[in-house]
Amino acid sequence: MARDVQITFDCADPAGLAAFWAEALGYQLQDPPKGFESWEQALEAMGVPPESRNDASAVVDPEGSGPRLFFQRVPERKQAKNRVHLDVRAAPGLEGDARMAALEAEAERLVSHGATRLRRYEPAPPLGGGHIVMADPEGNEFCLD
């Protein structure tokens, strides 16, 4: 039996990182619990103090097929290279110059939302299509593939 997967990010600013990844993946912030029009309203009703209201956030695929991304505040900063990373498929079906142009356009768009471009790998046929390594606003590496 297949299992559902949630991807969890340790971070300093759950709301900010959730907003970045929602933009990067075409996801949306998870809706507040039923009966509440906003997370602020729900957290207030639950008695969560204001200083703890950015302790967690989540984004979901609006079509319901992709994994939920959960962001939790931790006290320590990122220390080293990720051992696991996301590949964002930004050029499906494209090859060569068209593929790399699409990846460059997406890299530029994500930089405008706080990402950092780290390096570009050129296509190396027959198996390497080329990709761009990026980092999200908190330094977590991911690839535009």
Side-chain angles (χ1 to χ4, degrees), residues 1-33 36-43 46 48-145:
M1 168 170 68
R3 305 240 190 265
D4 285 337
V5 173
Q6 171 176 282
I7 300 168
T8 300
F9 289 74
D10 290 351
C11 58
D13 178 13
L17 208 52
F20 171 81
W21 281 104
E23 181 66 38
L25 299 176
Y27 273 36
Q28 64 187 37
L29 292 175
Q30 183 169 332
D31 290 335
F36 297 98
E37 292 185 25
S38 70
W39 274 105
E40 190 63 30
Q41 185 185 61
L43 295 172
M46 292 176 198
V48 175
E51 64 274 10
S52 297
R53 293 184 186 171
N54 189 24
D55 282 355
S57 190
V59 297
V60 295
D61 177 353
E63 296 178 8
S65 61
R68 178 180 189 248
L69 303 184
F70 181 73
F71 304 88
Q72 61 188 7
R73 184 184 306 205
V74 297
E76 67 275 1
R77 306 289 294 165
K78 183 176 179 300
Q79 301 278 328
K81 183 183 183 303
N82 300 10
R83 294 287 306 263
V84 175
H85 69 268
L86 301 182
D87 286 343
V88 178
R89 302 294 174 143
L94 298 177
E95 295 180 6
D97 291 342
R99 173 185 170 76
M100 296 311 292
L103 296 180
E104 288 291 351
E106 184 64 0
E108 187 175 314
R109 185 181 80 81
L110 293 177
V111 164
S112 76
H113 289 284
T116 302
R117 179 194 176 102
L118 299 178
R119 62 194 157 279
R120 173 179 161 142
Y121 289 88
E122 296 301 324
L127 298 177
H131 63 280
I132 299 174
V133 180
M134 306 284 292
D136 72 15
E138 291 202 17
N140 300 299
E141 296 91 1
F142 66 97
C143 291
L144 294 178
D145 183 12

Self-check item: Which residues share a side chain to side chain donor-acceptor pair (under 3.5 Å) with Gln41, sequence neighbours left out
Solution: none
Quiz item: Going by distance alone, is a donor N or O of one side chain under 3.5 Å from an acceptor N or O of the other, for Asp10 and Gln72?
Solution: yes
Exercise. Evaluate the criterion side chain to side chain contact (heavy atoms under 4.5 Å, CB included) for residue pair Leu25 and Leu69; output intermediate values, then yes/no.
Key: CA-CA 10 Å; Leu25 299 176; Leu69 303 184; 3.6 Å; yes
Practice problem: State whether Glu104 and Arg117 are salt-bridged, where the test is any N-O pair (Lys NZ or Arg NE/NH1/NH2 against Asp/Glu carboxylate O) under 4.0 Å. | Solution: yes
Quiz item: How long is the span from the CZ atom in Arg99 to the CG atom in Leu144, to the nearest 0.5 Å?
Solution: 9.5 Å
Quiz prompt | Least distance between heavy atoms, Ala24 atom then Glu106 atom | solution = O-OE2, 4.0 Å
Which atom pairs, donor and acceptor, lie under 3.5 Å between side-chain atoms of residues 14-21 and protein residues at least two apart or in another chain?
| unit_1 | atom_1 | unit_2 | atom_2 | d |
| --- | --- | --- | --- | --- |
| Trp21 | NE1 | Asp136 | OD2 | 3.0 |

Quiz item: In chain order, what residues pass the side-chain contact (heavy atoms from CB on, under 4.5 Å) check against Val60, with sequence neighbours excluded?
Solution: Gln28, Gln30, Arg68
Quiz item: Does Lys78 come within less than 4.0 Å of Glu141, counting only side-chain N to carboxylate O?
Solution: yes
Quiz item: Considering residues, nucleotides and ligands other than Glu76, do more than 12 of their heavy atoms fall under 6.0 Å from its CD?
Solution: yes
Quiz prompt | side-chain contact (heavy atoms from CB on, under 4.5 Å), paired with Phe142, selected from Asn82, Leu118, Asp87, Leu110 | solution = Leu110
Quiz prompt | Distance, nearest 0.5 Å, that separates CE of Met134 from NE2 of His85 | solution = 13.0 Å
